[in-house]
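Remember, it's 1-based here, ligands and their atoms both numbered in the order they're listed. Along the sequence shown, residues carry numbers from 1.
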Amino acid sequence: MTDKYAQLVNQGIGRNVARKLGLPRPAVLRRYRPGQALVTGPVVVQGDSAAADKLAAELLTWDLDVRRHAVPREKLGAIILVLDEVAHPEDLERPVLAAAGSLRDLDAGARVITVSRPAAEAGTPAAAAARQGVDGFLRSLAKELRAGATGNGVLLAEGVEVSSPSALAAVRFFLSGRSAFVDGQFLTVSGNGGSLPDDTGRPLAGKIAAVTGAARGIGADIARTLHRDGATVILVDLPAAGDHLAAVANEVKGTALQLDISREDAGRKIMEHAVQRHGRLDVMVHNAGITRDKLLVNMDQARWHPVININIAAQLRINEALLASEHFGPAPRIVSVASTSGIAGNRGQTNYAASKGGVMGMVRATAPLIARAGGSINAVAPGFIETEMTARIPFALREIARRANSLQQGGRPGDVAEAIAFLASDAAGGINGEVLRVCGQNMVGA
Ligand code: NAI
């Protein structure tokens, strides 16, 4: 589905009219294409800590133009604020005001990234206040940025240094066009696992990945993105979607598995398919999901049961089967698709939000179990994404939902797929039990 309004106000007469009337003009986002430069210009690393020095040195090895101070009126690709040592709210003043002076120089599609530590792990009330202050600061700044620029934060848990593989991988993801529709979000790096981020453009080379609901929408784009990044993909969907499934499977040179994931033996079937063809499974992406919207006052079992069964109970059963198998991994990865509805709630979606809240609960509780096998599990929570599902929303409601985020537009299925491909990669091994929103900083439950 295309966003005709965004197209109109970004070209010719439409652009001039929108400018004169002060209408929202959603920017064309800087999305990843293979071979694209990581950022559009110099990267300023601000902060006085040893971590700031270390990060600046690492970024130099990525062939970036790294500065420790901004030069006025020079277009910047990114500002990285290293705030890992803030111990009192007053410590924020100097680095934050230094960054403020450079904001006007940010290029279109630029990035602002904070690197800090989780407030929950702070040793004193003042340190917790400073760390939580970074959260409020970044989320507000992200709402002020323009021209497709985004602001996101990396949180380093206790014992994790800025040079640990997944911390660098998270910085790289937020700098890149892969995170175009991720805005105002924090990602915690909780472990030193994972490998250094890969700049070959094929971070999933050699991986065997299964994707459910792959016949269309977000799932089809997940399959395409994993394939582009080097994975061999097993595409799972209902027998009724067999033709579409076969077409996408052919396109990505993968194999199709016609399967209703709500079957009791779905996990075994997926693993059998993977083992017969490839000897193992590395990555499981739980994408298939359904809606049966109704106000709770009119809810019945025919709408409640299948939503819970397909969206979460099936994932629990499949995970149990995969985690019991010796053929899952080494370094198994699970990525589940949740939804901002499961975070903020949505009128008419008590069943769906219960299922998606369930996905997030499941991910957090499964994280320590899969960590024992050297693996990780995370969720991606999309906001408004342009798919057949959202095309069915009545026009006026759809227009409101689409604009109600900092980037003033809906995301594309590929935006969700990029986040999933990142979390499935070896470099993200130190990120476990996280929920990453891909929602353009949706105002709903922000
Ligand atoms: P879609 O309806 O376009 O595609 C879902 C796919 O899952 C279909 O191909 C369908 O045949 C398959 N599927 C359904 N039940 C199945 C079952 N029992 N077994 C196997 N396959 C089954 O949906 P869309 O929009 O691509 O959504 C994908 C995921 O993203 C879902 O989990 C959805 O809840 C989630 N999501 C979507 C958002 C959006 O804005 N489109 C926002 C937030 C979350």
Quiz item: At a non-hydrogen distance cut-off of under 4.0 Å, which region of A338 contacts ligand 1 (side chain, backbone, both, or neither)?
Solution: backbone
Quiz item: Under 4.0 Å from any heavy atom of Y352, which atoms of ligand 1 are there?
Solution: 33 (C), 34 (O), 35 (C), 36 (N), 43 (C), 44 (C)
Exercise. Note the single closest protein heavy atom to atom 16 (C) of ligand 1, along with its residue, its atom name and the distance in Å.
Key: L238 CG, 3.7 Å
Exercise. List the closest protein heavy-atom neighbour of atom 3 (O) of ligand 1: residue, atom name, distance to the nearest 0.1 Å.
Key: R216 NE, 2.9 Å
Quiz item: Do you know which of L281, D426, T232 makes side-chain contact (heavy atoms from CB on, under 4.5 Å) with K207?
Solution: D426
Quiz item: Which protein non-hydrogen atom lies closest to atom 38 (C) of ligand 1, naming both residue and atom, and how far is it?
Solution: M389 CE, 3.9 Å
Quiz prompt | Identified side-chain contact (heavy atoms from CB on, under 4.5 Å) counterpart of L81 within the set I113, T114, L138, V115 | solution = T114
Quiz item: Closest non-hydrogen protein atom to atom 19 (N) of ligand 1, residue and atom name please, with distance?
Solution: I261 N, 3.0 Å
Quiz prompt | Donor-acceptor contact below 3.5 Å, side chain S116 vs main chain L155 | solution = no
Exercise. Using a strict 4.0 Å threshold on nitrogen-to-oxygen distance, state whether D415 and R412 make a salt bridge.
Key: no
Quiz item: So, the side chain of R117 versus the backbone of A157: is there a donor-acceptor pair under 3.5 Å, distance only?
Solution: yes
Quiz prompt | Numbered atoms of ligand 1 (with element) below 4.0 Å of A288, judged on heavy atoms | solution = 7 (O), 13 (N), 21 (N), 22 (C), 32 (O)
Quiz prompt | Atom indices of ligand 1, in the order listed, that fall short of 4.0 Å to a heavy atom of L259 | solution = 19 (N), 20 (C)
Self-check item: G217: numbered ligand 1 atoms lying under 4.0 Å from its heavy atoms
Solution: 26 (O)
Exercise. Check the side chains of H273 and T255 for a donor-acceptor pair under 3.5 angstrom, ignoring hydrogens and angles.
Key: yes
Quiz prompt | Pair Q349-D293, side-chain donor/acceptor within less than 3.5 Å | solution = yes
Quiz prompt | NZ/NE/NH1/NH2 to OD/OE distance under 4.0 Å, E399 and R403 | solution = yes
Exercise. May I ask whether E386 has any heavy atom positioned less than 4.0 angstrom from an atom of ligand 1?
Key: no
Self-check item: Residue portion contacting ligand 1 (non-hydrogen atoms closer than 4.0 Å) for T390
Solution: side chain
Quiz item: Which of the atoms of ligand 1 are close to D260, meaning less than 4.0 Å from one of its heavy atoms?
Solution: 17 (C), 18 (N), 19 (N)
Quiz prompt | atom 7 (O) of ligand 1: nearest protein contact (heavy atom, Å) | solution = G213 CA, 3.3 Å
Quiz item: Does T212 use its side chain to pair, donor to acceptor, with the backbone of A288 at less than 3.5 Å?
Solution: yes
Self-check item: Heavy-atom gap I310 to ligand 1 smaller than 4.0 Å
Solution: yes
Self-check item: Step-by-step salt bridge (Lys or Arg N to Asp or Glu O under 4.0 Å) determination, R131 to D135
Solution: CA-CA 7 Å; R131 293 177 178 192; D135 190 283; over 6 Å; no
Practice problem: Report the C-alpha distance between I431 and L187 in whole Å, list the side-chain angles of each, state the deciding distance to 0.1 Å, and finish with yes or no for side chain to side chain contact (heavy atoms under 4.5 Å, CB included). | Solution: CA-CA 8 Å; I431 299 168; L187 198 47; 4.1 Å; yes
Quiz item: Which of the atoms of ligand 1 are close to V337, meaning less than 4.0 Å from one of its heavy atoms?
Solution: 29 (C), 30 (O), 35 (C)
Self-check item: Sub-3.5 Å N/O-N/O distance, P382 and ligand 1
Solution: no
Quiz item: Is it the side chain (CB and beyond), the backbone, both or neither of H244 that lies under 4.0 Å from ligand 1, heavy atoms counted?
Solution: neither
Practice problem: Identify the protein heavy atom lying closest to atom 26 (O) of ligand 1, giving its residue, its atom name and the separation to 0.1 Å. | Solution: I218 N, 2.8 Å
Quiz item: If we only count N/O pairs under 3.5 Å, is I385 in contact with ligand 1?
Solution: yes
Exercise. Measure the CZ-CZ distance between R178 and R31 for me, rounded to the nearest 0.5 Å.
Key: 14.0 Å
Self-check item: Proximity of N287 to ligand 1 by residue part, where a heavy atom lies under 4.0 Å
Solution: both
Self-check item: Ion pair D107/R30, N-O distance below 4.0 Å
Solution: no
Exercise. Could you tell me which atoms of ligand 1, counted from 1 in the order shown, lie closer than 4.0 angstrom to a heavy atom of G383?
Key: 40 (O), 42 (C), 43 (C)
Quiz item: How does T387 reach ligand 1, by side chain, by backbone, by both or by neither, if only non-hydrogen atoms under 4.0 Å count?
Solution: side chain
Practice problem: Run the numbers for me: atoms of ligand 1, each under 4.0 Å from some heavy atom of S339, listed by number. | Solution: 43 (C), 44 (C)
Practice problem: If you have a sec, work out which protein heavy atom is nearest atom 5 (C) of ligand 1 and how many Å separate them, to one decimal? | Solution: G289 O, 4.0 Å
Quiz item: Taking NZ, NE, NH1 and NH2 as the nitrogens, is one of them in R398 or E386 under 4.0 Å from a carboxylate oxygen of the other?
Solution: no
Self-check item: Minimum-distance protein heavy atom relative to atom 21 (N) of ligand 1
Solution: D237 OD1, 3.5 Å
Quiz item: Are any of the N/O atoms in S262 less than 3.5 Å from those in ligand 1?
Solution: no
Self-check item: Lys/Arg-Asp/Glu bridge criterion (N-O < 4.0 Å) met for D260, R263
Solution: no
